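In what follows, a single structure is set out as structure tokens and then discussed.
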Amino acid sequence: MLKMGLISMIATVAAFLAAPDMAGAGGAPSEDKAVAPIVRKGSVPVNGIDYYYEIRGEGEPLLLLHGGLGQIEMFAPVMPVFADHRQVIAVDLQGHGRTPLGKRPIDLAAIGADLAILVKQLGYDKLDVFGYSFGGGVALNMAANAPDRVRRLVILSAPYAQNGFFPEMLPQQAALGAGMAEMMKDTPMFLTYKAVAPDVSEFPKLLDAMGALMREPKDYSDAVARLTMPVMLIYGDADMIRPEHMIDFYHKLGGGLRDAGWMRENMSKNRLAILPDLTHYETFASPLMANVAMTFLDGGGKAPNWAEQVGK
């Protein structure tokens with residue numbers, strides 16, 4: 001019971017953490033046969049961080065950013081949806097997966113700025129961006145600081161400010177640090193890290209760096225105000241983000257402020273989806289989520305209104 005309690009506490013301690021996919025946890029993650037094969041991979045040095053990336057599929061480019069203490073493989077259950085008709089550029093973020101921690105603190109704005117440079121170096125002038133949790137915070141900052149590089153943006157299960165989390169979580173998040181490394185040896189967070197990390201001994205340092213990030217009372221309201229592209233917010237109805245904060249985020253984007261109108265004349269270009277029966281630790285692996293996100297990214301989703309249905 002004690003061990004289960006520790007694992008339960010660890011699973012909720014990280015503000016941007018979710019249990020990654022366990023495929024290949026005992027060694028190199030295995031390729032899902034249903035997923036488009038990797039056509040290009042490597043590392044790109046940006047501001048002292050060697051970011052690992054993988055490119056799959058063909059079509060319009062989509063940058064895919066994982067959650068805290070995860071890596072690209074977190075998206076294995078839904079990668080076929082993304083890569084089916086998109087060229088997916090997936091990146092291991094600073095200190096995660098195959099990307100070394102480097103010597104600087106983990107900072108969402110700094111990583112977002114790095115990624116704007118990275119995609120340019122990979123040959124993309126403009127692309128869609130999808131970020132989950134920790135990756136959602138990175139995506140928000142990237143889009144705010146380089147709006148000319150982002151066509152459409154999806155933020156999954158991420159707040160715009162620290163007060164978006166349920167208050168009882170804050171002291172748990174603040175406790176994350178290297179002292180938890182030994183307790184996490186049997187968790188998916190460590191096992192998937194161990195499978196691919198270039199230096200497994202950096203794991204305690206990663207926990208310290210993520211803990212330091214989460215102890216800072218960040219508020220990215222200014223970044224939200226600088227978003228000029230269409231944005232979709234997606235959450236689970238049992239997410240770690242307060243529902244009131246989800247709505248407030250949507251309001252800041254200009255959505256949900258009035259009735260859309262018979263002909264959608266008052267409708268915001270931005271969208272909010274709260275999906276049923278999903279927690280923070282499951283949203284990233286949900287086929288429903290992936291299909292909702294791709295419908296938005298592809299510019300679709302509008303149902304015929306009543307007048308259109310009757311041919312008027």
Side-chain angles (χ1 to χ4, degrees), residues 10-11 13-21 24-25 27-29 41-54 63-75 89-119 121-122 129 131-142 145 158 162 172-216 218 220 284:
I10 290 167
V13 74
F16 305 108
L17 180 153
D21 179 72
K41 65 181 179 179
S43 294
V44 176
V46 183
N47 294 324
I49 306 297
D50 291 329
Y51 288 96
Y52 175 82
Y53 70 91
E54 294 178 354
L63 180 64
L64 204 59
L65 306 177
H66 62 77
L69 302 190
Q71 60 282 119
I72 293 169
E73 285 74 19
M74 288 186 79
F75 294 116
I89 305 97
V91 178
D92 281 342
L93 299 174
Q94 182 184 354
H96 293 69
R98 304 156 190 81
T99 298
L101 184 60
K103 297 182 179 179
R104 73 182 203 202
I106 289 180
D107 179 82
L108 299 182
I111 298 174
D114 289 349
L115 291 184
I117 296 170
L118 182 148
V119 296
Q121 290 185 2
L122 290 177
V129 179
Y132 161 65
S133 197
F134 169 65
V138 172
L140 165 60
N141 280 275
M142 175 187 174
N145 293 312
Q162 188 187 52
Q172 297 176 12
Q173 295 165 3
L176 183 64
M180 289 185 173
E182 185 63 30
M183 294 184 291
M184 296 180 71
K185 288 289 180 69
D186 294 327
T187 67
M189 287 77 77
F190 176 73
L191 292 174
T192 51
Y193 177 87
K194 179 182 177 181
V196 298
D199 183 358
V200 179
S201 69
E202 283 200 337
F203 188 69
K205 297 177 183 178
L206 173 60
L207 297 183
D208 271 342
M210 291 295 284
L213 170 70
M214 291 182 290
R215 285 187 287 273
E216 295 182 13
K218 293 288 189 180
Y220 295 104
F284 66 93

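Predicted, not measured: the structure shown is a model, and the values here were computed from it.
Two residues are said to be in side-chain contact when any heavy atoms from C-beta on lie closer than 4.5 Å; D107 and K218 meet this criterion. Taking 4.5 Å as the limit, every side-chain heavy atom of V46 sits out of range of all side-chain heavy atoms of L115. Contact of the L69 side chain with the T192 side chain is not registered, since no non-hydrogen atoms from C-beta on lie closer than 4.5 Å. For the pair L65 and L93, the minimum side-chain heavy-atom distance is below 4.5 Å. Within the 4.5 Å cutoff, the side chain of R98 has heavy atoms near those of the E54 side chain. Counting only heavy atoms from C-beta outward, the side chains of V196 and I72 never approach each other to under 4.5 Å. In this structure the side chain of D186 never reaches within 4.5 angstrom of the side chain of L191, judged on heavy atoms. By the 4.5 Å heavy-atom criterion applied to side chains, V200 and F190 are counted as neighbours.
Atoms CD1 and CD1, from I49 and I106 in turn, are 8.5 Å apart once rounded to the nearest 0.5 Å. Taking CG of L101 as the reference point, atom NZ of K205 lies at 8.0 Å (rounded to 0.5 Å). Summarising the geometry, atom CE belonging to M184 is positioned 4.0 Å from atom CE belonging to M189; distances are rounded to the nearest 0.5 Å. A distance of 9.5 Å separates OG in S43 from CG in L118, rounded to the nearest 0.5 Å. Atom CD1 in I117 sits 10.0 Å away from atom CE in M142 (nearest 0.5 Å).
D50 and P100 make their closest contact through O-CD, 3.5 Å (heavy atoms, listed as atom of the first residue, atom of the second, distance). Minimum interatomic distance between P198 and G97 (heavy atoms only, all atoms of both residues): CD-O, 3.6 Å. Looking at every heavy atom in both residues, V129 comes nearest to A139 through CG1-CB, 3.6 Å. The two atoms that bring S133 and G67 nearest to each other are CB-CA, 4.3 Å, heavy atoms only. Nearest heavy atom pair, residue F75 against residue F284, reads CD2-O, 3.9 Å.
In terms of the salt bridge (charged side-chain N to carboxylate O under 4.0 Å, His left out) criterion, D208 has no residue partners (sequence neighbours excluded). Legend: residues meeting salt bridge (charged side-chain N to carboxylate O under 4.0 Å, His left out) with K103, ordered by chain and number and at least two apart, are absent. In terms of the ring-ring contact (aromatic ring centres under 6.0 Å, His included) criterion, Y53 has no residue partners (sequence neighbours excluded). Remark: A212 engages R215 in a side-chain contact (heavy atoms from CB on, under 4.5 Å) (not counting sequence neighbours).
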Exercise for the section: Verify side-chain contact (heavy atoms from CB on, under 4.5 Å) between I111 and N141, making sure each step is shown before the conclusion. Expected result: CA-CA 8 Å; I111 298 174; N141 280 275; over 6 Å; no

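A salt bridge links D114 with R104: the distance from a Lys NZ or Arg NE/NH1/NH2 to an Asp or Glu carboxylate oxygen falls below 4.0 Å.
Test F134, F203, Y193 against H96 for ring pair (Phe, Tyr, Trp, His ring centres under 6.0 Å) and you get one pass: F134.
Counting only distance, with no hydrogens or angles, the side chain of T99 and the backbone of Y52 share a donor-acceptor pair below 3.5 Å. Using modelled atom types, no side-chain atom of Q121 and backbone atom of V44 make a donor-acceptor pair closer than 3.5 Å.
Screening residues 97-116 for ring-ring contact (aromatic ring centres under 6.0 Å, His included) gives no qualifying pairs among residues at least two apart or on separate chains. Legend: salt bridge (charged side-chain N to carboxylate O under 4.0 Å, His left out) pairs involving residues 173-183, not counting sequence neighbours, sorted by first then second residue: E182-K185.
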